[in-house]
**Q** 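The following block contains the structure, expressed as structure tokens.
All values derive from a computational prediction rather than experimental measurement. Each chain gets a letter, A, B and so on, in the order its sequence line appears, and its residues count up from 1.
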There are 2 protein chains.
Amino acid sequence: MDEIVRINSDLPPLRRLPLAGRAGEVYDGILKAVLDHRLMPGMKLSEDEVGAVFGVSRTVVRAALQALAFEGIAEIFPNRGAFVAKPSTETAKQVFEARALIEPELAANAAGRLSPEDLEGLRQHIEREHAALHAENQGEAIALSGAFHIRIAELSGQAVLTGFVRELISQSSLIVALYWTRRETTCESDDHGALMEAFSAGDSALARSVMRDHIERLRDGLDLTDRETRPVSIAEALGRVMA
Amino acid sequence: MDEIVRINSDLPPLRRLPLAGRAGEVYDGILKAVLDHRLMPGMKLSEDEVGAVFGVSRTVVRAALQALAFEGIAEIFPNRGAFVAKPSTETAKQVFEARALIEPELAANAAGRLSPEDLEGLRQHIEREHAALHAENQGEAIALSGAFHIRIAELSGQAVLTGFVRELISQSSLIVALYWTRRETTCESDDHGALMEAFSAGDSALARSVMRDHIERLRDGLDLTDRETRPVSIAEALGRVMA
DNA sequence: AACTTCCAGATTGTATACGATTTGCCGGAT
DNA sequence: ATCCGGCAAATCGTATACAATCTGGAAGTT
């Protein structure tokens, strides 16, 4: 309770839009808990309970939950309540397909327009990633890795696509929580470092291909076999039972 | 007042997530008004006023406005209120860049997996587009055109990217309201028909390139010169005055 | 006359109360 | 024992009331 959850303020925000008043704090708190894997996929987010935790009324909680739902972090079922999203393996595949389509393009665009300060900032960011890895701080490492991708998107100057990347990164954290296999724990293989080289050289084509390979490697670290595909609709569920 | 605004129920939904209770109606009503160009960019969406129109309380209106904000249809300024979004020329460019990146890929994916029923549905859709064009029903034509793009995205089977396309299509309607030049009113040049041919042939590569050209043509029908770039931040505005 | 201060109106932010819907249990009927 | 109906608890949906904040103008000062 007295452990203050600190979010490094120099990291790019995961939230796309400003939320009125305290709703932003609730949003950040829940998101942080999800990314830290303290709130696991499928857990119920009762409005009363959340409100009690943050000391706000259900009105505020509902705004925060709606915002989380829009970014795919929570799922809201009318008259049933909100739950931490539990992306299916199919959704997981699609999230990484989307990333593989969008992020290489943004990396290529960024490569041509980075200032020396931008490059230095990215270098320092990678330093912190390495520090977190050596400290075996898994949660921090994942958060920093996501932030790196968002930073690159921001530096591409394409705000619209950057918004999509934010959403995809958040969902990726949920997906990692569900499907990550530690098999190749050193899988990081310094892909981010390789990206830095492309950026330093201002080589757009190289940045694009390095990013594409990187995202494929990330996806290959997941176990996306169809074992637990939940039915997405009542009709589908009934159809399966009847058949 | 007694003019019932009918939304063709067989069109794919523009909304990505279910909204609880009456909030969905408010959302649809406002969105429809925006797409019909009855609510123009920049207009204020007062909570009391909207609530009075739809006969609901501000609680419901706020949920709808927040949802609209998340899809870029409205902008909410804390303690100031909500307004119909007014995308800058820069945002407009980025929206079409995003569409040029995502939609050709989805069209290519769709091309390989369309059933005869899917093809027939698309054909009928194009019929309706032609009918709307001949009836000089500009609003309907634009709505149908957007729905066509969403339908293709849906048929690609990539739900995640389809969500992004929905958002981009809605924003495109705002952009058209702001920047469309009727210069080449027959610009439609049956691009959608050309897409149908690619789909019928199951030619993914062709579908991709036709879609890319189509979106470029759409963008070229806009006047995105920087004439009225509003300052996006107070700092920027002050900087301009001081300089 | 121009500027500043302050107050009234309007509008948003939040809490709370009440109604509607769902869920799960319990008891009775078959 | 199983199944069905119904009641009670919990939870969400909505309205309303009140607090906080912003806006615009009027009054007062220089």
**Q** What integer distance in Å separates B:Leu19:CG from D:dT14:P?
**A** 10 Å

**Q** Both A:Ala23 and A:Pro78 contact DNA chain C. Which one's nearest nucleotide lies toward the 5' end?
**A** A:Ala23

**Q** In residues 54-65 of chain A, which ones come under 4.0 Å of DNA chain D, going by heavy atoms?
**A** A:Arg58, A:Arg62

**Q** Taking 4.0 angstrom as the limit, do A:Arg58 and A:Glu49 come out as a salt bridge?
**A** no

**Q** Please determine, by modelled atom types, if A:Asp223 and A:Thr225 share a side-chain donor-acceptor pair under 3.5 angstrom.
**A** yes

**Q** Regarding B:Ser173 and B:Ser170, is there a side-chain donor-to-acceptor distance under 3.5 Å anywhere?
**A** no

**Q** Between the side chains of B:Ser115 and B:Glu117, does any donor sit under 3.5 Å from an acceptor?
**A** yes

**Q** State whether A:Lys44 places a side-chain N or O below 4.0 Å from either non-bridging phosphate oxygen (OP1 or OP2) of D:dA10.
**A** no

**Q** Any carboxylate oxygen within less than 4.0 angstrom of a Lys/Arg side-chain nitrogen, looking at B:Glu47 and B:Arg62?
**A** yes

**Q** ring-ring contact (aromatic ring centres under 6.0 Å, His included) with A:Phe54: which residues, sequence neighbours excluded?
**A** none

**Q** Measure from the side chain of A:Arg80, starting at C-beta and using heavy atoms only, and say which of C:dT23, C:dG13, D:dC12 lies closest.
**A** C:dT23

**Q** Choosing from C:dT12, C:dG13, C:dT21, which nucleotide comes nearest the side chain of A:Asn79?
**A** C:dT21

**Q** Take the protein atom CZ of A:Phe77 and the nucleotide atom C1' of C:dT23, then report the distance between them rounded to whole Å.
**A** 16 Å

